[in-house]
Number of protein chains: 2
Amino acid sequence: MDLDEIDLQILALLQCDASISTELVSQHVGVSKTPCWRRMQRLEKLGYVKKKVALLDADKLDLGVSVFVQIKTNRHDASWAEELTDVINDFPEVVEFYRMAGEYDYLLRVLVKDISAYDEFYKKLIRSTSLTDVTSNFAMEQIKYTTEVPLAAPKI
Amino acid sequence: MDLDEIDLQILALLQCDASISTELVSQHVGVSKTPCWRRMQRLEKLGYVKKKVALLDADKLDLGVSVFVQIKTNRHDASWAEELTDVINDFPEVVEFYRMAGEYDYLLRVLVKDISAYDEFYKKLIRSTSLTDVTSNFAMEQIKYTTEVPLAAPKI
DNA sequence: GATTCTATTGAAATATTATTCCTTTAATTG
DNA sequence: CAATTAAAGGAATAATATTTCAATAGAATC
């Protein structure tokens, strides 16, 4: 990891607010504009910053329901896994997708308007591929959601 | 929802790439710079755009392991819920936190370096508050992760 | 149906911020 | 200690965001 303390500080600032100006970043981290800007460029180039995005208010856009879907399968070959990945990537409702250790094989987070929209999704999903066991868990409330990764922050 | 088609297009662009210039956005959606800029301002002001952030590469930063933690409790009063929220909000490792319907009461996604880092977190957590039942599910691989909400996209 | 009023648009002007260029400083090695 | 290299900072330039204002379109009233 070829990052020094200043780089980490820059990353911490940017993952909190990507619209901050180079000048302000430079003041926070204690180097002048040009070297600060070069560091920011480098962090993007090396892929530490993957992208800059706007986070939308899902509730306001009537997408208030997260459903966690646990999936079991009896197909454990690579080609099936690839097929499933392709299927899932075609669903914009699926915002997270993990291969799990333990009890079940995959976990999805599906973001929908309401229960009936989830049912629509569910029917599309089981039509798209063959799954052994699908369990749906509904979230009533999103209490915390952050895209900030926990950088080893020496909070004094 | 006081948004027209153009607003939705703007939101779709920004949640994909927040560093796009106003000029490019205006060309995509077919209005000129100034009204496009005013729409963007309005979307922030009304809270449709909550914030703009940089998404970091968690793997490169050695934070490759997501753990989903299911929590059950026998305390179902409001004050305990509030206490739990406060406790959780103090853990930067917890990147998502939901109150669930059904089997278990809460679900966390915890982002850590490795299993031993998770164990550290786990010990801190159970020391911080009293929980009836805690089940940890490890993700082996993050196959999909997006912050983009599924805007009713008529993908033709 | 003409006319006024209002709200929205877009082109141009201005201000801010990003980016480049070049000199200076600091650090490292022979 | 001089020579070389790498990184830093200041000043100039380019790009972009923001404001201003004149022009247009739409709605409402007479």
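Protein chains get the first letters and strands the later ones, always in sequence-line order, with residue 1 at the start of each.
Considering only side-chain N and O atoms, Arg39(A) lies nowhere under 4.0 angstrom from the phosphate OP1 or OP2 of dA7(D). In this model, the phosphate group of dT18(D) is approached by a side-chain N or O of Trp37(B) to a distance below 4.0 Å at OP1 or OP2.
Between Tyr98(B) and Phe68(A), the ring planes are perpendicular. Angles over 60° get that label, and only those under 30° would be called parallel.
Residue-level contact check: Thr34(A) touches the bases, meaning some heavy atom is under 4.0 Å from a base atom. Among the heavy atoms of the strands lying under 4.0 Å from Ser32(B) is at least one base atom, whether or not backbone atoms are also near. Contact annotation for Thr22(A): backbone-only contact, meaning every heavy-atom pair under 4.0 Å involves sugar-phosphate atoms and none involves a base.
What separates CD of Glu23(A) from P of dT16(D) is a distance of 19 Å, to the nearest Å. At whole-Å resolution of the value, CG in Asp7(A) and C1' in dA7(D) are 13 Å apart. Protein atom CD of Gln41(B) is 16 Å distant from nucleotide atom C1' of dT20(D), rounded to whole Å. Taking atom CD on Gln27(B) and atom P on dA11(C), their separation rounds to 12 Å, with Å as the unit. dT19(C) atom C1' lies 19 Å from atom CZ of Arg42(A), rounded to whole Å. Distance CD1 (Ile10(B)) to P (dA17(D)): 13 Å, rounded to an integer number of Å. Regarding Ile20(B), its CD1 atom lies at a distance of 17 Å from the P atom of dA18(C), rounded to whole Å. Atom CG of Asp4(A) is separated from atom C1' of dA6(D) by 14 Å (rounded to the nearest Å).
Between Asp4(B) and Arg39(B) a salt bridge is recorded (basic side-chain N to carboxylate O distance below 4.0 Å). Contact check on Lys52(A) versus Glu44(A) returns a salt bridge, with a Lys/Arg side-chain nitrogen under 4.0 Å from an Asp/Glu carboxylate oxygen.
Ile143(A) and Trp80(B) fall within a single hydrophobic cluster, where Ile, Leu, Val, Met, Phe, Trp and Tyr are joined by side-chain heavy atoms under 4.5 Å apart, directly or via other members. A continuous path of ILVMFWY side-chain contacts below 4.5 Å connects Val67(B) to Leu108(B), so both sit in one hydrophobic cluster.
Residue whose closest nucleotide on DNA chain C sits further toward the 5' end, between Val31(B) and Lys33(A): Val31(B).
No N or O donor and acceptor, one from the side chain of Arg38(A) and one from the base of dA7(D), sit under 3.5 Å apart.
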